[in-house]
Visitor: 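The structure under discussion is supplied below as structure tokens; questions concerning it will follow.
Computed from a predicted structure; not experimentally measured. Just so you know, ligand 1 is whichever comes first in the structure, and atom 1 is the first atom listed for that ligand.
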Amino acid sequence: MRTNNPILIGLITVGLAIFYFTTLSMKPEIETDAGRIRSVKPIGAPKTKKLASPAEILQRQTVPVLCYHQIRDWRPGDSKRAKDYIVPPVSFNAQLKMLADSGYQTILPQQLINHLKFGDPLPRKPVMLTFDDTDLSQYEIAAREMKKYGFRGVFFVMTVAIGRPGYMNASQIRELDSLGHVVGCHTWDHHNVKKYEAEDWTTQLDKPLATLKKITGRQCEFFAYPFGLWDTSAFPHLYKRNITAAFQLSAPSDSVNPLYSLKRMIVPGQWSLKDFDKRVVR
Ligand SMILES: [Zn+2]
């Protein structure tokens with residue numbers, strides 16, 4: 001139909017304008033990373049966010065970030081110290097159940113970073129579950145148990161171990177990534193970063209980051225220090241390699257770059273469920 005009726009043309013123009021402003025211009029902004037949606041900014045969200053000062057970031061560091069290694073029953077030869085790193089499956093399962101029953105929801109590193117840097121909201125009871133050293137039990141026991149509750153975690157991989165007996169292989173790591181867990185870097189062979197010289201950064205960071213990218217198809221952004229040990233000389237090396245945040249254990253965070261020294265709590269195998277309740281659950 002052709003028309004020269006100016007009133008009709010005017011009505012159509014106004015209608016299109018209203019359509020544009022109420023729908024197209026109000027579309028939520030979606031940030032994606034290699035095809036996976038990372039965050040969706042709700043309609044009407046402010047475009048620029050205020051970056052928190054290091055002091056504010058330190059103050060906001062209240063989310064429990066738990067650190068596990070092996071999930072297995074103790075063997076007669078396990079020393080008292082080793083048991084700090086070996087949580088029996090029955091304890092681990094009970095801990096997850098307690099978190100779920102108490103209303104906890106797991107968060108991933110990017111959510112934590114957005115909260116620390118910009119004050120983005122988190123679930124009412126947030127917790128982060130992290131796993132170091134590539135142990136096979138993390139895939140076979142921990143990830144399976146987490147699935148029951150819709151929990152997701154972070155697996156810090158030491159790349160030298162990939163595919164060795166008792167450790168995860170590349171396809172298991174890829175599967176964790178595709179299930180929505182995050183794969184982080186935990187160096188090549190677990191040497192203390194405080195002792196690295198120039199060449200060591202290539203061996204312990206560049207090559208492992210390339211290996212992980214080959215496995216998951218995405219750039220690894222998160223790092224965990226071997227033994228939790230760090231000093232500020234590591235920061236420029238991490239920054240240069242696009243690491244967004246680095247996790248240690250329980251030393252105070254750096255007052256200038258807290259995101260490169262985020263605190264975690266080891267859950268020792270000896271803890272009773274009562275200990276876990278007292279120290280983690282609020
Ligand atoms: Zn480790």
Visitor: To the nearest 0.5 angstrom, please state how far the CD atom of Q70 sits from the CG atom of D78.
Guide: 7.5 Å
Visitor: Cation over ring, K83 on W74, under 6.0 Å and within 45°?
Guide: yes
Visitor: Among F155, F247, Y167, F156, which residue satisfies the ring pair (Phe, Tyr, Trp, His ring centres under 6.0 Å) criterion with F131?
Guide: F155
Visitor: Do the non-hydrogen side-chain atoms of Q204 and Y196 ever get within less than 4.5 Å of each other?
Guide: yes
Visitor: L96 versus F151: any side-chain heavy-atom pair under 4.5 Å?
Guide: yes
Visitor: Short of 2.8 Å from the Zn ion (ligand 1), name each protein N/O/S atom, waters not counted.
Guide: D133 OD1, H186 NE2, H190 NE2
Visitor: Judged by atom type as modelled, is there a donor-acceptor pair below 3.5 Å linking the side chain of H181 to the main-chain atoms of G153?
Guide: yes
